[in-house]
K.L.:
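Once you've had a glance at the structure underneath, I'll fire off some questions.
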2 protein chains.
Amino acid sequence: MATVSALGYALLCALHRGPLTGYDLVQRMAKPIGYYWTARQSQIYPELARLSAAGLIEHEAEDGPGPRQRKTHRLTAAGRETLAAWLVEPPAPRAPRAPRDEAVLKTYALAAADPDRMREFYLAEAEAYQRRLDDFRAQHTEMRSRHADDPGHPQFGAYATLELALVSTPARIQWCRWMAERMAELGRPHRDQ
Amino acid sequence: MATVSALGYALLCALHRGPLTGYDLVQRMAKPIGYYWTARQSQIYPELARLSAAGLIEHEAEDGPGPRQRKTHRLTAAGRETLAAWLVEPPAPRAPRAPRDEAVLKTYALAAADPDRMREFYLAEAEAYQRRLDDFRAQHTEMRSRHADDPGHPQFGAYATLELALVSTPARIQWCRWMAERMAELGRPHRDQ
DNA sequence: TTGCTCATGTAAGAAGTTACATGATTCA
DNA sequence: TGAATCATGTAACTTCTTACATGAGCAA
């Protein structure tokens, strides 16, 4: 059987609730449901072709708005099985799972920068995360009103990703503010004499 | 002036406290100080050459243990400036910053998998994060005893990355356990009748 | 004598980004 | 008339991973 890439699994995941066009997938992977995976258009279309060739998805084509046909992709039985088997596998402990976080990287080398400017950096970060949190909260309430917080609800998975965002984002915001305070201390070290 | 890649900045960050060999950098970027950035050997050596060509780092060479010379790399004045300017820049809101989290991706499609097996998945995740947290806590205490929790201390940056890990990891563990409970409900839905 | 640590590099390929290309319909 | 949305694709390039290659010194 064909080996499926991480992106391939991400697309199978996105298709698990029902058929979508490539264009729909592009929207979802651009700024996705819970900021957990991204991909560009130029990656998505070839990957859909690969999944199709492997028999994990299939599509119906109709005439589209542009010069090409509009294709609606759905999981095949084999695709559903492949997805189900991958979901329960423990996340590769062997491998990269590289968590790349620019702000944390910068923090590591913070001694090389000006404290006042770093203070502004952390305040801006805190604000950006706060805005994101507000957005998450709105989605969360909306999903609750549709009873997606019931584990049996078909959208419970999407709800659960929001739940994670709602517990981890405040921790991050707190940390940013704490960092901003430390930077203020450094900038004016004799303030409390 | 030459444009520096994200990896390039990561190496400049790693060098900010003093000179290191490529080998040292490989160790640090393999399972680094706070799980915030990773890179492989085969990326690091060419990148060091590029930074050198751009005049941001320089090195002394001695005879090494193997067939090649051992090189100790340090930031130049230009490198230090480039790093300082980058540190205070707000993290690119325009761009990818793709947060790739396999466990969250799987959660999104959780309805396609067997609840009992997913329960095991979340319990394993919780345990893995717990082990990591213990590791972080040990490093944290050790750094505190060396007074790295003082913002003026040269290692405060490294300490601060641990601080973030110590507030965000428990939130993640809680979430994993909460997910495991939801999965248990689904597996035996009539338990409390 | 096998395996580990130190130490630096290259080659081939997969994955991901930026930019280009086409064209109908709808909205301001 | 100009921009946005829907819709699918390709080309060129950068970045990242996996695997190979070399070789001294040291410990079990």
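Chain letters run A, B, ... following the sequence lines, proteins first, then strands; residues in each count from 1. All figures in this text were calculated on a predicted structure; none of them were measured in a lab.
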K.L.:
So, is R68(B) close to the dA7(C) phosphate, meaning a side-chain N or O under 4.0 Å from OP1 or OP2?
P.N.:
no

K.L.:
Quiz question: by atom type and distance under 3.5 Å, do the side chains of H140(A) and Y159(A) form a donor-acceptor pair?
P.N.:
yes

K.L.:
Under the criterion salt bridge (charged side-chain N to carboxylate O under 4.0 Å, His left out), I'd like the reasoning laid out for D101(B) against R172(B): C-alpha separation, chi angles, the key distance, then a yes or no.
P.N.:
CA-CA 12 Å; D101(B) 192 320; R172(B) 179 86 183 212; 2.8 Å; yes

K.L.:
Take atom CG of D24(B) and atom P of dT5(C), then tell me their distance rounded to the nearest Å.
P.N.:
15 Å

K.L.:
Quickly work out the I44(A) CD1 to dA7(D) C1' distance and round it to whole Å.
P.N.:
13 Å

K.L.:
Return the minimal non-hydrogen interatomic distance between A113(A) and V88(B), and the atom names on each side.
P.N.:
CB-CG1, 4.1 Å

K.L.:
Please report the distance, rounded to the nearest Å, between OH in Y9(A) and P in dA14(C).
P.N.:
17 Å

K.L.:
To the nearest angstrom, how far is D63(A) atom CG from dG23(C) atom C1'?
P.N.:
13 Å

K.L.:
Whole angstroms only, please: what is the OH-C1' distance between Y45(B) and dA19(D)?
P.N.:
16 Å

K.L.:
Figure out the CZ/C1' separation between R70(B) and dT5(C), and round it to whole Å.
P.N.:
13 Å

K.L.:
Establish, with yes or no, whether the OP1 or OP2 oxygen of dT8(D) is under 4.0 angstrom from a side-chain nitrogen or oxygen of Y23(A).
P.N.:
no

K.L.:
Touch check for Q69(A), heavy atoms < 4.0 angstrom, all strands: base, sugar-phosphate only, or nothing?
P.N.:
sugar-phosphate

K.L.:
Name the residue closer to the 5' end of DNA chain C, choosing between P67(A) and A39(A) according to the nucleotide with the nearest heavy atom.
P.N.:
A39(A)

K.L.:
If you assign each of P65(A) and A6(A) to its closest nucleotide in DNA chain C, which residue comes earlier from the 5' end?
P.N.:
A6(A)

K.L.:
In terms of relative ring orientation, are W175(A) and Y122(A) parallel, tilted or perpendicular, with 30° and 60° separating the classes?
P.N.:
perpendicular

K.L.:
What's the CD-P distance between Q41(B) and dA21(D), to the nearest Å?
P.N.:
15 Å

K.L.:
I want to check one thing: is the phosphate of dG16(C), taken as OP1 and OP2, less than 4.0 Å away from some side-chain N or O of Q43(A)?
P.N.:
yes

K.L.:
For R74(A), is there an ion pair with E60(A) - N to carboxylate O distance below 4.0 angstrom?
P.N.:
yes

K.L.:
Using whole Å, report how far CG of L25(B) lies from C1' of dC6(C).
P.N.:
14 Å

K.L.:
Looking across every strand, which nucleic acid part, if any, lies under 4.0 Å from S42(B) by heavy atom: base, sugar-phosphate, or nothing?
P.N.:
base

K.L.:
Does a side-chain N or O from R40(A) land closer than 4.0 Å to OP1 or OP2 of dG16(C), or not?
P.N.:
no

